[in-house]
Number of protein chains: 2
Amino acid sequence: MANKRAYHHGDLRRALLDAALALAEDGGPMAVTVREAARRAGVSHNAPYRHFPDKETLIAALSEEGFVELARTLRTARAEVRDPEDRFVATGMAYLRFARGHPGHMAVMFGPGVAKSQTPELQRAANDAFQVVKDVAADAGIVELAETRRLGTVAWSFLHGLSVLWAQKQVPPSVGSSAELLVELGSRHLYRSFAQSARKRS
Amino acid sequence: MANKRAYHHGDLRRALLDAALALAEDGGPMAVTVREAARRAGVSHNAPYRHFPDKETLIAALSEEGFVELARTLRTARAEVRDPEDRFVATGMAYLRFARGHPGHMAVMFGPGVAKSQTPELQRAANDAFQVVKDVAADAGIVELAETRRLGTVAWSFLHGLSVLWAQKQVPPSVGSSAELLVELGSRHLYRSFAQSARKRS
DNA sequence: CCTACCGATCGGTAGG
DNA sequence: CCTACCGATCGGTAGG
C-alpha cells in the first residue's frame with residue numbers, strides 16, 4: 001500500500017515502465033498491455049495515457065532506455081581496462097551482464113514488433129550502443145577500417161546470440177561451461193585471430 | 001477460391017501451419033492467433049480445433065517442425081563437404097540460410113513464450129539440431145571433449161546472433177558486408193583459432 | 001488520476 | 001467443418 005501511494009506522487013511513469021518491463025520479460029513486447037501495466041502500478045487502466053500517448057510510445061521509451069543503459073554499461077567497462085585485448089573481453093562481459101540483468105529491456109530492444117515505433121531518439125540510442133562495439137573493435141589496431149567493422153559485427157553477433165540463447169535456456173547445460181567462460185573464450189579467440197590476420201597482411 | 005477448396009480436402013492442417021508461420025514472422029509467437037490462422041486458411045474460426053487441441057499445441061508443432069528442418073538442413077550441408085574447416089563453414093552457411101528462409105519458424109523456435117509447451121518431441125528435435133553443431137565442432141579434431149563443446153556453443157551463438165540481428169535489420173548497413181561473408185569470416189576464424197590452441201596444448 | 005463506456009478480438013465450448 | 005455463443009481482455013475515448 002505504501003509503495004502504491006508513492007506512485008501517486010510523481011513516480012507513476014517509472015512504475016509503469018517497470019511493470020511493462022516485467023511483462024516484456026515474460027512474453028516479449030507483444031505481451032505488454034497498457035491495462036496490465038496500470039493494474040500492477042495500482043492505478044486505473046487509463047491513467048497511463050497521462051504519461052504515454054499510446055502503447056507504442058511506452059514500448060519505444062523502454063527500448064530507448066535499454067539502448068542508452070547498454071551503451072553506458074559498455075563504455076564504462078571499456079574505460080576500466082587498459083590492455084586492448086582485455087578491454088575487448090571486458091566489454092563482451094559487460095554485454096552479457098546487461099543482457100542477464102535486463103531481460104525485459106532485451107525483449108523490447110530485440111524482440112518482435114520493433115520495426116514499428118522507430119523514433120529518432122531510439123534510433124540514435126541504438127546507433128550509439130553499436131558505436132561502442134565498433135570503438136572496442138578499433139582497439140585491435142587493424143589497419144583496414146572495413147575489417148575492424150567486421151570484427152565488431154562478428155563479436156556483437158556472438159555476444160548477442162549467446163545472451164539470448166542463454167536467457168531462453170536454449171544452451172544445453174551439458175556444455176558445463178558458464179556463460180562468462182564462453183564470452184571470455186570466444187571474445188579472446190576472435191580478437192586474437194582477427195588481429196593476427198591483419199598483422200600478416202600488412 | 002480454388003486453393004481454399006483444397007484445404008477442405010485434407011490440407012487444412014498444412015494451411016493452418018503456414019498461416020500461423022506468417023503471423024509468427026510478423027509479430028512473434030504471441031501474435032499467432034487460432035482465429036486469424038483459420039481466417040487466412042478460409043475456414044471458420046474453430047475448425048482448427050479439429051487438428052490441434054489448443055493454441056499451444058499448434059505453436060509447439062511449428063517449433064518442432066522448425067527444429068527438424070534445421071537439423072536436416074545442417075546435416076545435409078555437413079555431408080556435402082570433405083575438408084573439416086570448409087565443412088564447419090558450410091554448416092554455418094546452412095544455419096544462416098535456414099534462418100533467412102524460415103523467419104516464422106525461427107520466431108517460434110526462439111521467440112518469447114517458448115518455455116511453455118515443451119513437448120518431448122520438441123525437446124528431442126531441438127537436441128538433435130544442436131547435436132549436428134556439436135558433430136561439426138568435433139571435426140576440428142580437438143582432443144579435449146569439453147573444448148569441442150565450447151567451440152560448438154560459441155559458433156552456434158555467433159551464427160544465431162548474426163541471423164537474428166540480420167532478420168531484424170539491426171546490423172547497420174554501414175558494415176557493407178553481406179551476412180554470408182561475415183558467417184564465412186567468423187566461422188573460419190573461430191575454427192582455426194580453437195584448433196590451433198588445441199594443437200599447441202597437446 | 002478516475003468511472004463509465006465503445007467496438008473489436010481472443011480462446012474455447014455447445015451442439016450439431 | 002459450421003453457426004452461435006460465453007466470458008475475458010484489449011486499446012482507446014468521453015467527460016469529468
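Just the heavy atoms: all of them, side chains too, but no hydrogens, waters or symmetry mates, feed the values below. Numbered from 1 within each chain, the chains take letters A, B, ... in sequence-line order. Everything numeric in this text was worked out from a predicted model, so none of it was measured.
Salt-bridge annotation for Asp128(B) and Arg124(B): absent, with no side-chain N of the basic residue lying under 4.0 Å from a carboxylate O of the acidic one. A salt bridge does not link Asp86(A) to Arg78(A): none of the charged nitrogens lies less than 4.0 Å from a carboxylate oxygen.
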**OP:** Go through Phe110(A) and Val164(B) one step at a time and tell me if the side-chain contact (heavy atoms from CB on, under 4.5 Å) criterion holds.
**Re:** CA-CA 9 Å; Phe110(A) 300 103; Val164(B) 302; over 6 Å; no
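When heavy atoms are screened at a 4.0 angstrom cut-off, Thr33(B) is found touching the sugar-phosphate backbone but no base atom.
Rounded to a whole Å, the NE2 atom of His51(A) is 16 Å from the P atom of dG12(D). Between the C1' atom of dG11(C) and the CD1 atom of Ile59(B) lies a distance of 12 Å, rounded to the nearest Å. Atom P of nucleotide dG11(C) and atom CD of Glu56(B) are separated by 12 Å, given to the nearest angstrom. Distance CG (Leu23(A)) to C1' (dT9(D)): 13 Å, rounded to an integer number of Å.
For the OP1/OP2 pair of dG12(C) and a distance below 4.0 Å, the side-chain nitrogens and oxygens of Tyr49(B) include at least one atom meeting the criterion.
Among the nucleotides dG12(D), dC2(C), dC5(D), the one closest to any side-chain atom of Arg35(B) is dC5(D). Nearest nucleotide to the Val43(A) side chain, out of dT3(D), dC2(C), dG12(D): dC2(C). Among the nucleotides dA4(C), dC10(D), dG12(C), the one closest to any side-chain atom of Asn46(A) is dA4(C). Closest contact between the side chain of His45(B) and the listed nucleotides dC5(D), dG11(C), dG11(D) involves dC5(D).
Each ring pair (Phe, Tyr, Trp, His ring centres under 6.0 Å) pair with one or both residues in residues 27-65 of chain B, not counting sequence neighbours, would appear here, but there are none. Listed by first then second residue, pairs satisfying ring pair (Phe, Tyr, Trp, His ring centres under 6.0 Å) with a partner in residues 86-106 of chain A read Phe88(A)-Tyr191(A), Tyr95(A)-Trp156(A), Phe98(A)-His102(A), His102(A)-His105(A), not counting sequence neighbours.
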**OP:** Would you sketch DNA chain D in dot-bracket for me? Only Watson-Crick or G-U wobble pairs with both distances under 3.5 Å count, crossing pairs as [ ], other-strand pairs as |, the rest as dots.
**Re:** ||||||||||||||||
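In summary, the side chains of Gln131(B) and Asn127(B) do not present any donor paired with an acceptor at a separation below 3.5 Å, with no hydrogens or angles considered.
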